[in-house]
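Comments concern the structure below.
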Amino acid sequence: MQLNKDELLHLSQGRGLTVIAGPTAVGKGTVVRYILEHNPEVALSVSATTRSPRPGEIDGESYFFWTMDEFDANIAAGEMLEFATVHGTNKYGTPKQPVIDAIAAGKLVLLEIDIQGARQVKAAMPEAKLVFIAPPSWNELVRRLQSRGTETPEEQARRLKSAEVELAAQSEFDHVVINDEVARCASEVLDLMKAN
Ligand code: 5GP
């Protein structure tokens, strides 16, 4: 019998699936890269987005960079595990097929997505673990965003507004991990991913 994608995901119930979320510039990407470099059994889901690539970002590795039409066609075809409009502008989402393939290959799968997406995954797959990465303080978060220097002041302001909302949602998560130091934070997240 051939199962369709939703049936396959439903069968896994989210076992082996960990969602990492947290406010802009908290350093999620750095923590995730650290985990991937040190743990070959972990696979990161590559998201799709309608935003433009930043310098150095590679299509198919950093994100799948899709037009709005491509993104909407994938939603209509039922190919997205979750999707959301983030920071009021662009669509971001998780294509289903690579997640199914990685779970089938026995990998621990990480999704680095926003809070709206995290809620959708938890609703569809209650066994999925939701981990919130929090900054040591609000001032430190602002400092990290400003020192990154990749967004215009208007974009920074928009992201900080989203960050306030995101920080308020951390109680919805199964675990909160403070990103005070990358290796320590990564090790705590990995322990949570491996725990039954
Ligand atoms: P950035 O533009 O800085 O790469 O990402 C902006 C936001 O989009 C981040 O908060 C990130 O967590 C979120 N994001 C990235 N990929 C996905 C995804 O596949 N789904 C959802 N819902 N959010 C995503």
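In each ligand, atom 1 is the first atom listed, and ligand 1 is the first ligand listed.
Distances below 4.0 Å separate heavy atoms of Arg51 from the following atoms of ligand 1: 1 (P), 2 (O), 4 (O). For ligand 1, the atoms lying closer than 4.0 Å to a non-hydrogen atom of Ala84 are 22 (N). Atoms of ligand 1 found under 4.0 Å from any heavy atom of Tyr63 (numbered from 1 in listed order, with element): 1 (P), 4 (O), 5 (O), 15 (C), 16 (N). Listed by number with element, the atoms of ligand 1 under 4.0 Å from a non-hydrogen atom of Gly117 are 22 (N).
Just one residue in the list Leu130, Val109, Leu108, Leu110 forms a side chain to side chain contact (heavy atoms under 4.5 Å, CB included) with Leu17, and that residue is Val109.
For a threshold of 3.5 Å applied to N or O pairs, the pair formed by Tyr92 and ligand 1 contains at least one separation below that value. Considering backbone and side-chain N/O of Gly93, one or more are found under 3.5 Å from N/O of ligand 1. In terms of polar-atom proximity, Asp114 is counted as a contact of ligand 1, with an N or O under 3.5 Å from an N or O of the ligand. The distance criterion of under 3.5 Å between nitrogen or oxygen atoms is met by Arg159 with respect to ligand 1.
Of the N and O atoms on the side chains of Asn74 and Glu70, not one donor lies less than 3.5 Å from an acceptor on the other residue. No hydrogens or angles considered: nothing links the side chains of Thr49 and Asn90 as a donor-acceptor pair under 3.5 Å. Checking Thr150 against Arg148 by side-chain atom types alone, a donor-acceptor pair falls below 3.5 Å.
The shortest distance between side-chain heavy atoms of Pro95 and Glu79 does not fall below 4.5 Å. Using a 4.5 Å heavy-atom threshold, the side chains of Asp114 and Tyr92 count as separate. Proximity of Gln116 to Phe83: side-chain heavy atoms (C-beta onward) are nowhere separated by under 4.5 Å.
Counting heavy atoms under 4.0 Å from ligand 1, residue Lys28 touches it through the side chain alone. Neither the backbone nor the side chain of Gln116 has any atom closer than 4.0 Å to an atom of ligand 1 (non-hydrogen atoms only). Contact annotation for Glu155 and ligand 1: no heavy atom of the residue comes within less than 4.0 Å of the ligand.
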